[in-house]
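Working notes, beginning with the structure itself.
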Amino acid sequence: MAIPYNHRAIEKKWRERWEQNPVNVNDGKKEKYYCLDMFPYPSGNGLHVGHWRGYVISDVWSRYKMLNGYYVIHPMGWDAFGLPAENYAIKMGVHPAKSTAENVANIKRQIKEISAVYDWDMEVNTTDPKFYKWTQWIFVQMFKKGLAYEKEMPINWCPSCKTGLANEEVVNGKCERCGSDVTKKNLKQWMLKITAYADRLLDDLDKLDWPEKVKKMQTDWIGKSHGAEVNFKIDGKDESITVYTTRPDTLYGATFMVLAPEHELAKSLANDDTRAAVEDYIYQASLKSSVDRLQDKEKTGVFTGSYAINPLNGAKVPIWLSDYVLADYGTGAIMCVPAHDDRDFEFAKKFNLPIIQVIAKDGKEIENMEEAYTDASGTMINSGDWNGLESGELKLKAPEMIEKMGFGKKTTNYKLRDWVFSRQRYWGEPIPIVHCPDCGNVPVPEEELPLLLPDVKSYQPTGTGESPLADITDWVNTTCPKCGKPAKRETNTMPQWAGSSWYFLRYVDSKNDEELVNREKADKYLPVDMYIGGVEHAVLHLLYSRFYTKFLNDIGVVDFDEPFKKLFNQGMVCGRDKETGAATKMSKSLGNIVSPDDTVRDYGCDALRLYELFIGPPELDSIWDDRGMDGIYRFITRLWNMVNTNIEKDAKETEELLKIRNRMVSDITKRLESFSLNTVISAFMEYNNKFVELTAKDGVDKKTLETLAILLAPFAPHIGEEIWELLGHKESVFTAKWPTFDEKYLVDDEIEIAVQINGKTKATVSINKDIDKEAAIAAGKEALGSKLTGTVVKEIYVPGRIINIVVKA
RNA sequence: GCCCGUGUGGCGGAACUGGCAGACGCGCAGGACUUAAAAUCCUGUUGUAGUGAUACAGUACCGGUUCGAUUCCGGUCACGGGCACCA
């Protein structure tokens, strides 16, 4: 009898062989295919089976591409700077450099258990000075182009992480990392002018083969809107206030105006009667945190005492202050049309302000308006010259009309804000800037990069708005690179996203000390063809990376302006809540983390790889169930025994086997191409069941077994190799070509189809696939026999699919 | 509140452009082998009624289009995700 399946021996053997003779080689002739994983941050918890899943998916895809003749770039690295690593270090009471190195070592060991075809020569680590030299270099280039600038402003501040945060890092008013309520803090910050790329970031989404969901999230995040700025004169003064509106068609319906409490004219609009109330309102608003401002939907406000003149009809409208108007969007001031905007309506009701309907709803004026009519469709009313126009068309034309009339202009606005880039933390790339009292901000000269992160005993965040680096006077005090006079270093560090925004460019030339990436190599091996990772980075990493790539394209570092052609988001692997049985995210606090280590030991790497795929559709979340591993192991054992038995049998190729083999190739290839990886595994099981059946009879031929070995290799590489070798091959299975199939074997001549009466299946019948309708109907009726009663009204035959007889009782 | 996604056996999930709903696997039940257990193999497994072939019902719910709907359309509910006063 055949040798029993021994996953430990087989996997050890092939891992050693691959180590000596890598299977993914660049012979300079093959076309490249760049398949990238989102690189992990090395947390102390190590990997769980959820992380594994993404890596298995990308490895299956990489190996499939190899078998299709590509040289596959499939690298791995470490996103090791940033808050998670630093917070972990603080918790454990060790230096982040030390804990990071330990965590990297542990996770690398775990990742090697996957037996993926990673090219470890390419490995990068964002905390390596040789790497962050270039992270700093990019910052300097941005500074030179005016895209990195310093600004004092109220920014999002996490009181627990004790650092400023980017807008993208604030989720529902809470810190993305630790969940604390985010407050505002006035700090001098480095900013990156991502808004300069807003239009390109928006327009180029069309070029990308990405999930629609992610594209939509980025579109919404950029939030481009079209409208007009309109100038309203302040009654009795020379000054005017400019508002931004997307609904200039409703200008005749503007019955009041609201400014953000932070608006520069806010105080000056008050008179003796209102001054106390206005100043108090402004003060109260300044105390509100962003969370309060998000949660208090109840409108508040105060009348300034001043009026503005509607430039279109000369109407005098009161000017109010309210915190529902955002200071940093548009002009910080809005014209209010309560009849056609929900928020303005609510405000008008609360403060008893007039409501004028200017768009007819269903051709009429609404009698007792109970909610705003917000559709831009209907005929204009109460609108002077504009009466009778269609509001949707007017909305589009009004900005230009206003521009011609001379009291405003057509304009666009974005929700996207510039990127707050300073972190008041230790564990990040130092921002390479020197503050000189005479020369201002001077970048560290490029030949002096990297500017090393100094070693320090106390790396805890200070909470004062200063980075821990500020305490290291030796380091802070320096000389100005320009004039040589005493100067001080910038002490803030970069956010975690700095390194991850460009790391994928570095893999293909990771040891280059002269350039970020050699241009020739970049042209040859970049950009990324397939990027695989979780959806949680939709507006963070994936937006930042696109921005960086466009910038590097602009300064000639690379010749493409989109980093990732295709994106695949894999679903999470959830655990089960022990009490409710509901699916929950795997987390340490819930105690439902499943580590891959034990599973690999007990069932083997191949078994876990197959199970990670079999568990459910790769793009959806799925639930881990340990018991499923037994099913996979049974399948592997059955397959293993089947192959070994057939090697002894040495069966002949028959017509039946030819058919099965071609169908197997067709099924697996189609499902793999459409990323339906869970059903690929199902198909393997189904075909294996057939082979087991045939083995009990005449056996399965060698060619079919070879085909099976190749098909299986991307999924279970050790087994694929072992079977390939058992079948007499000296070279690796990955030197083989992915098999093709012949269409002629996919369809039977005799097919079995369903026979229905009034759309309900009542019988089945075997017919030749080419017979005409008449013959098919006759065969169908015969199969139905006495079940067919009543008058036949209609006879339907869809060739190869169905026979349906419609009868009337 | 707005936008997007999902809803199929005890469980994970299949079903190509509308064409035999429940592939494949888990679990469970019965059987074989065994002194016994594990492992392995075989059989069954949507529900209801019936010994039975079979009949009827059935893809969250209500309705529509169609010879025929898990699939298309309209409405409702539930769950998940994104955005959240962006004028």
Side-chain angles (χ1 to χ4, degrees), chain A residues 171-173 211-214 216-217 219-221 223-225 227 243-248 250 258 293-299 322-326 328-337 340-344 346-347 374 413-417 535-536 538-539 576 581-583 610-611 614-617 619-632 634-635 637-638 641 667 670-671 674 676 678-689 692 696 752-765 787 793-798 800-807:
Chain A
V171 178
N172 290 329
E212 284 308 314
K213 185 185 168 173
V214 176
K216 191 166 182 320
M217 279 169 75
T219 303
D220 291 349
W221 190 261
K224 184 175 188 175
S225 68
V243 300
Y244 172 69
T245 179
T246 56
R247 294 295 302 278
T250 63
V258 176
R293 215 157 150 164
L294 270 174
Q295 283 167 354
D296 295 352
K297 295 266 167 125
E298 181 73 29
K299 299 276 180 293
S322 174
D323 66 3
Y324 83 90
V325 175
L326 304 175
D328 60 351
Y329 180 79
T331 61
I334 59 169
M335 66 173 212
C336 298
V337 185
H340 303 287
D341 181 278
D342 292 326
R343 296 148 302 182
D344 299 348
E346 197 192 323
F347 196 84
T374 55
N413 255 307
Y414 301 88
K415 289 190 195 177
L416 185 70
R417 309 290 149 88
V535 75
E536 65 272 17
V539 289
R576 260 197 212 284
L610 294 180
Y611 188 56
F614 185 60
I615 190 169
E619 71 279 11
L620 299 183
D621 291 351
S622 41
I623 299 169
W624 186 265
D625 183 352
D626 275 320
R627 288 176 300 190
M629 281 302 305
D630 291 322
I632 288 287
R634 271 197 278 270
F635 156 68
T637 313
R638 276 158 59 88
N641 293 336
D667 276 350
K670 282 176 187 160
R671 293 175 189 203
S674 61
S676 180
N678 54 326
T679 65
V680 170
I681 310 304
S682 299
F684 275 126
M685 290 172 170
E686 210 173 338
Y687 281 103
N688 187 51
N689 288 344
V692 169
E752 188 174 86
I753 66 169
V755 187
Q756 301 183 328
I757 296 176
N758 295 344
K760 300 233 171 210
T761 302
K762 296 292 175 185
T764 57
V765 65
K787 285 178 194 163
V793 195
K794 199 170 176 183
E795 290 164 340
I796 292 154
Y797 173 58
V798 182
R801 294 219 183 268
I802 203 102
I803 296 167
N804 189 13
I805 314 285
V806 185
V807 298

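Just so it is clear, the values below take in all heavy atoms, side chains as well, and ignore hydrogens, waters and symmetry mates. Please read all numbers here as calculations on a predicted model, not as lab measurements. Lettering follows sequence order; numbering is per chain, from 1.
Side-chain atoms of A:Q756 lie closest to B:G19 of the nucleotides B:G19, B:G25, B:A87. Picking from B:A84, B:C26, B:C85 the nucleotide with the shortest atom distance to the side chain of A:D625 gives B:C26. Here B:C26 is the nucleotide among B:C26, B:C24, B:A57 with the atom lying nearest to any side-chain atom of A:R627. When each of B:U17, B:C56, B:G82 is scored by its nearest atom to the side-chain atoms of A:M217, the top-ranked nucleotide is B:G82. Each of B:C67, B:G25, B:C83 was ranked by its minimum atom distance to the side chain of A:I796; first place goes to B:C67. Considering only side-chain atoms of A:R634, the nucleotide from B:A87, B:C67, B:U40 that sits closest is B:U40. Checked against B:C83, B:A87, B:A15, the side chain of A:T679 finds its nearest nucleotide in B:A15.
Residue A:E686 is classed as a sugar-phosphate contact, given heavy-atom separations below 4.0 Å to backbone atoms only. Contact annotation for A:G223: no contact, since no heavy-atom pair falls under 4.0 Å across all strands. Counting non-hydrogen atoms under 4.0 angstrom, A:N689 reaches the backbone sugars and phosphates but no base. At the heavy-atom level, A:T761 lies under 4.0 Å from the strands shown only through sugar-phosphate atoms. At the heavy-atom level, A:V798 lies under 4.0 Å from base atoms of the strands shown. Looking at heavy-atom distances under 4.0 Å, A:T246 makes contact with sugar-phosphate atoms alone, never a base. A:S225 comes within contact range of the sugar-phosphate backbone alone, with a heavy-atom separation under 4.0 Å but no base atom that close. Within 4.0 Å of A:N678, counting heavy atoms only, lie sugar-phosphate atoms of the nucleic acid but no base atom. Within the nucleic acid shown, A:K762 comes within 4.0 Å of sugar-phosphate atoms alone, with no base atom in reach, counting heavy atoms only. A:K415 comes within 4.0 angstrom of a base, heavy atoms only. Residue A:R801 is classed as a base contact, given a heavy-atom separation below 4.0 Å to a base. Heavy atoms of A:I615 sit under 4.0 angstrom from primed sugar atoms or phosphate atoms, though from no base atom. Using a 4.0 Å heavy-atom cutoff across all strands shown, A:E752 reaches at least one base atom of the nucleic acid. Note on A:D220: nothing from the nucleic acid sits closer than 4.0 angstrom, heavy atoms only.
For the residue pair A:S682/A:Y687, the side-chain donor-acceptor check at 3.5 Å is not satisfied.
If you take CD1 of A:I802 and P of B:G68, they are 13 Å apart, rounded to a whole angstrom. A straight line from CG of A:D328 to P of B:A87 spans 13 Å, rounded to a whole angstrom. For A:N758 and B:G19, the CG to P distance is 19 Å, given to the nearest whole Å. Rounded to an integer number of Å, the gap from A:F614 CZ to B:C26 C1' is 8 Å. Rounded to whole angstrom, the span from the CG atom of A:D323 across to the P atom of B:A84 amounts to 17 Å. Between A:D342 atom CG and B:G1 atom P the separation is 12 Å, expressed in whole Å.
Helical stems of RNA chain B (runs of at least 3 Watson-Crick or G-U pairs, donor-acceptor distances under 3.5 Å) are listed by first residue: B:1-7 with B:77-83, B:10-12 with B:24-26, B:27-32 with B:40-45, B:46-49 with B:54-57, B:60-64 with B:72-76.
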Yes or no on salt bridge (charged side-chain N to carboxylate O under 4.0 Å, His left out) for A:D220 and A:K216, after CA distance, side-chain angles and deciding distance? CA-CA 6 Å; A:D220 291 349; A:K216 191 166 182 320; 3.0 Å; yes
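Contact annotation: A:Y324 does not reach the phosphate of B:A87 (side-chain N/O to OP1 or OP2, under 4.0 Å).
Judged by distance alone with a 3.5 Å cut-off, a donor-acceptor contact links the side chain of A:K299 to the base of B:C85. Applying the 3.5 Å distance criterion, the base of B:U40 shares no donor-acceptor pair with the side chain of A:R638.
Smallest separation of non-hydrogen atoms from A:G330 and A:Y244: CA-CB, 4.2 Å. Across all non-hydrogen atoms, the minimal contact from A:N689 to A:R638 is OD1-NH2, 2.6 Å. Counting all heavy atoms, side chain and backbone alike, A:T761 lies closest to A:Q756 at OG1-NE2, 3.4 Å. Scanning both residues, A:D341 and A:D344, for their nearest heavy atoms gives OD1-N, 3.0 Å.
Side chain of A:N804 to backbone of A:G759: a donor-acceptor contact under 3.5 angstrom is found. A donor-acceptor contact shorter than 3.5 Å is absent between the side chain of A:R634 and the backbone of A:M629.
Along RNA chain B, the nucleotide nearest to A:P617 and the one nearest to A:D341 differ in position, and the one closer to the 5' end is contacted by A:P617. Nucleotides of RNA chain B nearest to A:L416 and A:I681 differ in position, and the one nearer the 5' end is that of A:I681.
Between A:Y611 and A:W624, the angle of the ring planes goes over 60°, which puts this pair in the perpendicular group of the 30/60° scheme.
Between the CG atom of A:L326 and the CD1 atom of A:I334 there is a distance of 9.0 Å, given to the nearest 0.5 Å.
Shown here, B:G52 is classed anti by the O4'-C1'-N9-C4 or O4'-C1'-N1-C2 angle, which is more than 90° from 0.
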